[in-house]
Amino acid sequence: MHSPIDTDFVCTLQAYERRFPTCPLIPVFLDSEVLSDTWSEDGAVHTIQRSCKLSVDAPRLLKKIAGVEVVYFIQKNTLNWRERTLLIEAHNETFSNRVTVLETCLYSVHPDNESWTCFEQSASLDIKSFFGFESTVEKIAMKQYTANIKRGKEIIEYYLSELISEGVTEIPRWTPPLQPPLSSDPYTIAAPTSTELHTASSSDISLGDKLDADYIERFLGQLTPIQESCLIQLRAWLQQTHRGKIPKDEHILRFLRARDFNLEKARDMLCQSLSWRKEFQVDTILNSWMPPSCLQEYYAGGWHHQDSEGRPLYILRLGQMDTKGLVKALGEEALLRHVLSINEEGQKRCEENTKIFGRPITSWTCLVDLEGLNMRHLWRPGVKALLRIIEVVEANYPETLGRLLIVRAPRVFPVLWTLVSPFINENTRQKFLVYSGSNYLGSGGLVDYIQSEIIPDFLGGDCLCEVPEGGQVPKSYYQTEVELENADHIRLWTDTIYQSAQVFKGAPHEVMIEVVEESSVITWDFDILRGDIVFNIFHSKRTPLRKDTSTALPELNNVQLIDRSWTLGVDYSMVESPLTFREGESIQGSHITRWPGLYILQWKAYGSAPSRVDDVISSLPGSAHTSKLMYYTELLASHDFRGSMTSLESCHSGFSQLSGGTTSSSQSHGSSFISR
C-alpha cells in the first residue's frame, strides 16, 4: 500500500514518535518497552527496538483456548536522517511457532514534493497450526490489519495537529557533524532488557569465570555471556549452601530458562524443587517405584524411539484410556508417582541421547493420540486430578517438554484445552501442535518432526508400537482410600478425590453440604461396588449431630446425620425422588438448589428397615446385608457449573453406556445418570 501524507517528513517523524510508549487512539495498543536504543557513529541512523503489548480482539472462547489475553510483538524502527527514511519492521513474539506475522512500513520523502511524506506498508501472515481455529485466526488478523491501515493516517494527522497547537510548525533538518561526537562508540552495545538488568543487579556478575566452550557446545547448547554467568553463579551458590547432591548444569539451566534467567526467581524455584525431591525421595523413584499391574496393563503410554531431532519420544494414547477407572483403581497418588517416574526416565534418556548424538538433548517430545476422546474424559474429578499433576510437573520439571504433538483431536478437544491451558505456562503452550482428523498425514504433519519409519502403526505408519492399548479398567481393581493409604511409601498427597463408605441395613451413609447461595449446584459421582443402594437428597431445617459408626471399626466409613427423632416434612424435606441403583452401576448427577441451608445426601441399603446402630455393628461380622460404594461430591456456584465440564450431561462412551432412567423435577432441577 502506498499513500502520501501532506506534511514535512521531519514533522511526520516527530508526530509518529508520540505514539509511544502507548497510544490512546489505538485501544489494542496497551504498552511498549524499549529493548535497545542505538545510534550510528555519525548520528545519522537511529535504531530503536521495542516490545509492544497488544490486547487480543478475539472471541472469548478462542482467548480461553489460546490461554492469553494479550500478545507481544517486536518492533524495530530504523530512522535514517541522511536518507530521510523511517523503516518499521515488526514480527510476533507470542505463538511464533504457530503463526508468523511480518509487517513492514516505510516513511520517505516524496520525490516530486518535499513537503509530502510517502507511506508504504506490506504484511504477511502464515498460520501453521492454531488449535483447529486457523480460519478464524486468519479472519481476525485480516480484520485488525485492515482497521489499523485505515486509522494510521488519522493518527499521524492527530499528532501533527497537536504539534501545531504547541507552536511547533518547523523542525530543523539533520546535518552531519563537523567531527564525530567525543562520546561516540563504533561498537555500540544494545541496552539490556529489564530482565537482564534485574539479573545483573541481583549479584555481581563475573564474566571472568567462564565455562569451557566445548563443554557448553557439547552438553548445554548456545548461551550468551550473561546466561553463562547466571549458570555459574547459581551453581556456586548451591555448592555453598545446599546440603546434598548438586544438580547437573543441564538441570540448573532448565530452571534459569523457565524464569528467563532471572537469577533470584530461578533460585527460589530450584530450591523449592530440591526440597520437594528430598522430602518425597523423588531421586530414587526409578529404583523404588514399581507400577501396579493395573497401571501397566491399562495406562496407554510408553517410550518409542526418538524424534527427528534426537529427542526421546513418548507416546500417550489418551483417547483409549479409562481415566476414570484408573483414578478409582489407583488413586491420584499412584498416577502422580507414575507421571513423575516418566519425567525422571525422560531426563535419563535425554542424557543418553546427548552422548549418542554428540549434541545437547535436554527435552523430549510427546505424541498424544486423542482418537476416542469424549465427554467421559472430562468428568470433574478427573480434570481436578489432571490439574494437580500438571501443577507438580510444571513446578519441578520445567523446560523438559520440547514439543507436544496432538493428533486426531476431536471436537470436544477445545473444551479440554480451555480447562487445562490456564495451568500451563506460556513457554510450554507454545510447544503444542494440534492436528484434527487425518491432517497429521503428509507434508506439514508428523513427518516434519518424526522420521517416517518410526511413525506408529496405529497412526498409519509401519513401526510396531508396543505401548499398551488401554481399555476399560474392571471394577474389581477399584480400591477404597483406606486400601490406598496402606502403601509403604511416603505419600505425595495426603487427601484423595474419592471417598468410600459402607452401608448397612438400618445404617445409611450420609454427607452434609452447606449451601450459602441459592441456585448453587450439588454434584455427585459414585460407584456401587457391592449391594443395591437407594439414593436420596434432603434439605434440613435443623443442624444434624454426627453419628459415626467407624469409631468402632476405623476401616469403615459410615456416618448418620438424620436423627431418628426427626420428622420428614417438618425437620427435613425430600428434594429429589429416591432412586434405586444396582451393584456395579456408576452414577453421576447434579441438583440445583432452590434454597440456602443444609443439604444431606443419603445412601441407604435397598429394602433397609430401621434398627439401632449398636445392633447394626454387632451384625457386621456376617455382613450379609452390607453395601459398599465410592463417591465424590462437590458444591459449585451456578456460573461455575455452567462453565465447567463435569460429565454429568453425558456418559456415552465405549466404556460406559447411558442406561436406566433420568429423573428431573421442576422444583429441584435435579438429574442423575446411570452408566453400567
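Fair warning: this is a prediction, and the values are worked out from it, not measured in the lab.
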Would C463 and D457 count as a side-chain contact (heavy atoms from CB on, under 4.5 Å) here? Give the steps. CA-CA 5 Å; C463 187; D457 49 356; over 6 Å; no
Look only at the side chain of N262 and the backbone of E264, and say whether a donor-acceptor pair between them is shorter than 3.5 Å. yes
Side-chain touch L263/L256, heavy atoms, less than 4.5 angstrom: yes
Non-hydrogen side-chain atoms of Y498 and D525 separated by less than 4.5 Å: yes
Between the side chain of S229 and the main-chain N/O of P225, is any donor-acceptor distance below 3.5 Å? no
Taking all non-hydrogen atoms of both residues into account, name the closest pair between R311 and S363 and its distance. NE-OG, 3.2 Å
Tell me, please, which residues at least two apart from K431 pass side chain to side chain donor-acceptor pair (under 3.5 Å). E399
With R277, which residues qualify under salt bridge (Lys or Arg N to Asp or Glu O under 4.0 Å), at least two apart? D283, E344
Which residue is it: D369, L373, V368? I am looking for the one with a side chain to side chain contact (heavy atoms under 4.5 Å, CB included) to R408. D369
If you measure from CD1 on I450 to CD1 on I315, what distance do you get to the nearest 0.5 Å? 7.0 Å
Which residues pass the side chain to side chain donor-acceptor pair (under 3.5 Å) test with E469, not counting sequence neighbours? none
When you look at CD of Q239, are more than 12 heavy atoms from neighbouring residues, nucleotides or ligands closer to it than 6.0 Å? yes
Salt bridge (Lys or Arg N to Asp or Glu O under 4.0 Å): pairs with one or both residues in residues 284-304, sequence neighbours excluded: none
Any sub-3.5 Å donor-acceptor pair from Q320's side-chain atoms to E371's backbone N or O? yes
Mind telling me whether Y298 and Y477 have parallel, tilted or perpendicular rings, with 30° and 60° as the class edges? perpendicular
Should we say atom OH of Y449 is surrounded by more than 12 heavy atoms from elsewhere, each under 6.0 Å from it? yes
Do Q347 and Y397 have side-chain heavy atoms sitting under 4.5 Å apart? yes
Are the side chains of K475 and S586 in contact, using a 4.5 Å heavy-atom criterion? yes
Answer whether the closest heavy-atom distance between the side chains of L316 and Y299 falls below 4.5 Å. yes
Going by an N to O cut-off under 4.0 Å, is there a salt bridge joining D268 and R259? no
Can you tell me if T224 uses its side chain to pair, donor with acceptor, with the backbone of Q227 under 3.5 Å? yes
Quick one: does NZ or CZ of R317 land under 6.0 Å from the six-membered ring centre of F458, within 45 degrees of the ring axis? yes
Side-chain polar contacts of residues 351-359 - donor-acceptor pairs under 3.5 angstrom, sequence neighbours left out - could you list them?
| from | atom 1 | to | atom 2 | distance (Å) |
| --- | --- | --- | --- | --- |
| E351 | OE1 | K248 | NZ | 3.0 |
| E351 | OE2 | K248 | NZ | 3.3 |
| N353 | ND2 | G310 | O | 2.7 |
| T354 | OG1 | C350 | O | 2.9 |
| T354 | OG1 | I361 | N | 3.0 |
| T354 | OG1 | I361 | O | 3.2 |
| R359 | NH2 | E309 | O | 2.8 |

Between Q75 and I88, is there a donor-acceptor pair closer than 3.5 Å when you use the side chain of the first and the backbone of the second? no
E394 versus I390: any side-chain heavy-atom pair under 4.5 Å? yes
W364 ring centre to R349 NZ or CZ under 6.0 Å, with the angle to the axis within 45°? no
Scanning both residues in full, the closest heavy-atom pair of V434 with A409 reads CG1-CB, 3.8 Å
Going by the salt bridge (Lys or Arg N to Asp or Glu O under 4.0 Å) test, which pairs reach into residues 438-456, not counting sequence neighbours? none
Just so I know, are the side chains of T100 and H91 near enough to count as touching, which here means a heavy-atom distance under 4.5 Å? no
Counting distance only, does the side-chain N/O of S273 pair as donor-acceptor with the main-chain N or O of L270 below 3.5 Å? no
Spatial distance of atom CD (Q451) from atom OG (S308) [nearest 0.5 Å]: 6.5 Å
P468 and Q296: which non-hydrogen atoms are nearest, and at how many Å? CG-O, 3.6 Å
Step by step, would you call V392 with V339 a side-chain contact (heavy atoms from CB on, under 4.5 Å)? CA-CA 10 Å; V392 173; V339 171; over 6 Å; no
Quick check on D462: does its CG atom have over 12 non-hydrogen neighbours (other residues, nucleotides or ligands) under 6.0 Å away? no
Nearest heavy-atom neighbours spanning V99 and N92: O-ND2, 2.7 Å
May I ask you to say whether R337 pairs ionically with E333, meaning some side-chain N is under 4.0 Å from a carboxylate O? yes
Atom pair CD1/CG of I74 and L35 - distance to nearest 0.5 Å: 5.0 Å
Taking all atoms of both residues into account, what is the closest heavy-atom pair of P291 and L295, and its distance? CB-CD2, 4.0 Å
Can you tell if the side chain of L253 reaches within under 4.5 Å of the side chain of T362, non-hydrogen atoms only? no
C294 and A329 have their tightest heavy-atom pair at SG-CB, 4.1 Å
Chi angles and distances behind the side-chain contact (heavy atoms from CB on, under 4.5 Å) call for L340, W289: CA-CA 10 Å; L340 296 183; W289 166 248; over 6 Å; no
For the residue pair H251 and F255, does the interplanar ring angle fall in the parallel (under 30°), tilted (30 to 60°) or perpendicular (over 60°) class? perpendicular
